[in-house]
Amino acid sequence: MLGVTTPAMVAAVANAGALGSLPVGGLSPERTRELIRETKALTNRPFAVNLFAHKPAGEVNREEIGIMQDFLAELCQEFNIPYERKDIDTFRFYYYEDLIDVLLEERISIVSFTFGELKAEAMSAFKQNGVVTIGSATSVAEAKALALSGVDALTIQGIEAGGHRSSFLADQALPQVGLFSLLPQVADEVNLPLLAAGGIYNTRTVKAAFALGASGIQVGSLLVTADESLASEAYKEAILGARDTSTALTRAFSGRWARGIQNTFMQRMDEKCITIPYYTFQNQLMSLVRAYAQKHNVKDFIALWAGQSAGKSVRASSHEIVMRLIDML
Ligand SMILES: Cc1cc2nc3c(=O)[nH]c(=O)nc-3n(C[C@H](O)[C@H](O)[C@H](O)COP(=O)(O)O)c2cc1C
């Protein structure tokens with residue numbers, strides 16, 4: 001969970017006997033290496049490194065970005081949040097291709113990714129080096145496409161899931177399939193180990209996932225309130241107080257569809273009805289606002305990524321959260 005997961009969380013999860021995932025999507029090669037080394041210093045167990053596999057932005061629409069910057073400047077002024085206009089020519093976003101050498105040099109044995117497929121060269125570089133790859137799908141068509149590309153396992157992300165949708169096929173509308181429907185349908189069509197993601201928080205939900213065809217489960221929201229999480233106090237409180245109906249899908253914070261607890265920023269963006277620029281641009285336009293909101297506990301401007309069962313989270317160490325899930329089985 002980019003922005004939430006720390007090396008300490010990854011190591012604690014790995015040491016508890018599960019697979020911790022270190023998110024490095026969009027980070028520089030230098031920062032990626034640092035985080036990998038910090039994690040290795042805390043565990044001897046394998047952990048996954050998680051990449052973003054989205055396509056690069058096409059043509060820059062300067063007018064669209066200008067309108068968005070005007071709106072953000074006005075909104076931030078209203079809420080006393082500092083806003084700095086950005087020169088889009090200085091935007092820098094790292095792609096997964098920039099990180100492959102670091103992952104191979106650091107002998108990472110498991111690579112997961114979201115937002116797309118890896119190119120054939122990347123897949124074969126990982127295969128040649130014995131790296132296990134895990135793609136992420138939100139529809140049967142995406143699962144089939146990823147299987148065809150040669151991944152070793154798949155995360156199946158239901159609509160309940162917190163955070164960004166991993167959806168990537170341009171020729172279908174945003175898939176919004178619940179895990180109960182999606183998982184068995186993928187299991188019928190794709191012969192790969194499946195990891196169920198979305199709304200999993202206790203024995204019953206884990207057992208249901210296995211009954212529907214999963215070989216493993218993946219949790220996100222449940223770890224946002226962990227001691228090792230980077231989430232601010234306001235974010236943790238919002239999660240702990242969440243109900244089944246508290247979240248919604250939004251593109252407001254990053255330009256990509258994601259599920260989070262509804263707040264003022266999401267509502268104001270909805271009301272404004274302006275075009276939200278493509279992921280990499282909107283994400284950068286919002287980065288300082290999000291960081292300020294996290295630091296100063298301004299709940300209404302934090303990207304409160306959370307799934308539909310996030311309210312079932314508890315404050316505990318990552319180790320304890322994982323052990324509870326495992327012990328209860
Ligand atoms: C705060 C947060 C950040 C996330 N960041 C990532 C990420 O960087 N990479 C990724 O593959 N999935 C990410 N996800 C999605 C999770 O991998 C997973 O699909 C989801 O959390 C499962 O649903 P749950 O939140 O109901 O457990 C994130 C989820 C959350 C809640």
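Whatever order the structure lists them in is the order used to number ligands and atoms, beginning at 1.
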Enquirer: Classify the contact between F52 and ligand 1 as side chain, backbone, both or neither, using a heavy-atom distance cut-off of under 4.0 Å.
Expert: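 Side chain only.
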Enquirer: N/O to N/O below 3.5 Å, does that happen between G220 and ligand 1?
Expert: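 Between G220 and ligand 1, an N or O pair is found under 3.5 Å apart.
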Enquirer: Taking both backbone and side-chain atoms of A306, is any N or O found less than 3.5 Å from an N or O belonging to ligand 1?
Expert: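 There is no such contact.
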Enquirer: Can you find an N/O atom of Q157 closer than 3.5 Å to an N/O atom of ligand 1?
Expert: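 It does: an N or O of Q157 is found under 3.5 Å from an N or O of ligand 1.
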Enquirer: Less than 4.0 Å between a side-chain N and a carboxylate O, is that true for D227 and K236?
Expert: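 No salt bridge links K236 with D227.
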Enquirer: So, D244 side chain and Q308 main chain: donor-acceptor pair closer than 3.5 Å or not?
Expert: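 Between the backbone of Q308 and the side chain of D244 there is no qualifying donor-acceptor contact (under 3.5 Å).
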Enquirer: Using a strict cut-off of 4.0 Å, indicate which atoms of ligand 1 neighbour a heavy atom of V219.
Expert: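 The atoms of ligand 1 under 4.0 Å from a heavy atom of V219 are 27 (O).
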Enquirer: Considering non-hydrogen atoms of the protein only, which is the closest contact for atom 30 (C) of ligand 1, and what is the distance?
Expert: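 Heavy-atom neighbour on the protein nearest atom 30 (C) of ligand 1: M1 SD, 3.6 Å.
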Enquirer: Pull out every atom of ligand 1 sitting under 4.0 Å from any heavy atom of A161, numbered as shown with elements.
Expert: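 Those of ligand 1 that fall under 4.0 Å from A161 are 20 (C), 22 (C), 23 (O), 26 (O).
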Enquirer: With F47, which of L42, I110, I108 fulfils side-chain contact (heavy atoms from CB on, under 4.5 Å)?
Expert: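 Of the listed options, the one satisfying the test is I108.
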Enquirer: Which bit of L2 gets closer than 4.0 Å to ligand 1, counting heavy atoms only: side chain, backbone, both or neither?
Expert: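 Contact part for L2 vs ligand 1: both backbone and side chain.
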Enquirer: With heavy-atom distances below 4.0 Å as the criterion, list the atoms of ligand 1 near Y235.
Expert: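 The atoms of ligand 1 under 4.0 Å from a heavy atom of Y235 are 1 (C).
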Enquirer: If you measure from the Lys or Arg side-chain nitrogens to the Asp or Glu carboxylate oxygens, is any gap between R315 and E233 under 4.0 Å?
Expert: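 Yes, this pair counts.
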Enquirer: Any N or O on Q218 sitting closer than 3.5 Å to an N or O of ligand 1?
Expert: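 So ligand 1 has an N or O lying under 3.5 Å from an N or O of Q218.
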Enquirer: Closest approach of S167 and E142, non-hydrogen atoms and distance?
Expert: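 Result for this residue pair: CA-OE2, 3.2 Å.
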Enquirer: Ignoring hydrogens, what is the shortest heavy-atom contact between P7 and L35? Give both atom names and the distance.
Expert: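 That closest heavy-atom pairing would be CG-CD2, 3.8 Å.
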Enquirer: I'd like to know if S136 contacts ligand 1, where contact means a heavy-atom distance under 4.0 Å to any ligand atom.
Expert: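 The answer is no: ligand 1 sits nowhere under 4.0 Å from a heavy atom of S136.
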Enquirer: For S166 and S136, test the side chains for any donor-to-acceptor distance below 3.5 angstrom and give the result as yes or no.
Expert: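 Yes, S136 and S166 have a side-chain donor paired with an acceptor closer than 3.5 Å.
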Enquirer: Tell me whether atom 11 (O) of ligand 1 lies less than 4.0 Å from at least one protein heavy-atom position.
Expert: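 There is a protein heavy atom less than 4.0 Å from atom 11 (O) of ligand 1.
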Enquirer: Are any of the N/O atoms in W305 less than 3.5 Å from those in ligand 1?
Expert: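 No.
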Enquirer: Using heavy-atom distances only, which candidate in S309, A310, A197, S221 approaches atom 25 (O) of ligand 1 most closely?
Expert: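 The residue whose heavy atom sits nearest atom 25 (O) of ligand 1 is S221.
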Enquirer: So between G199, G135, G307, whose heavy atom ends up nearest atom 26 (O) of ligand 1?
Expert: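 Among G199, G135, G307, the closest heavy atom to atom 26 (O) of ligand 1 belongs to G199.
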Enquirer: Considering heavy atoms of the protein only, find what lies nearest to atom 7 (C) of ligand 1 and give residue, atom and distance to 0.1 Å.
Expert: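 Result: N50 OD1, 3.6 Å.
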Enquirer: Is the closest side-chain heavy-atom distance between E78 and R268 below 4.5 Å?
Expert: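 Yes, close enough: below the 4.5 Å cut-off.
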Enquirer: Report the relative orientation of the aromatic rings in F253 and F265; use parallel for angles under 30°, tilted for 30 to 60°, perpendicular for over 60°.
Expert: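 Aromatic pair F253/F265 classed tilted.
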Enquirer: For the pair F93 and H54, name the ring-plane relationship: parallel under 30°, tilted 30 to 60°, perpendicular over 60°.
Expert: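 Rings of F93 and H54: perpendicular, as their planes differ by over 60°.
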Enquirer: Got a salt bridge between E34 and R37, using NZ or NE/NH1/NH2 to carboxylate O under 4.0 Å?
Expert: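 Salt bridge: no.
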Enquirer: In the protein, which heavy atom is nearest to atom 15 (C) of ligand 1, and how far is it?
Expert: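 Going by distance alone, atom 15 (C) of ligand 1 is nearest to G162 O, 3.5 Å.
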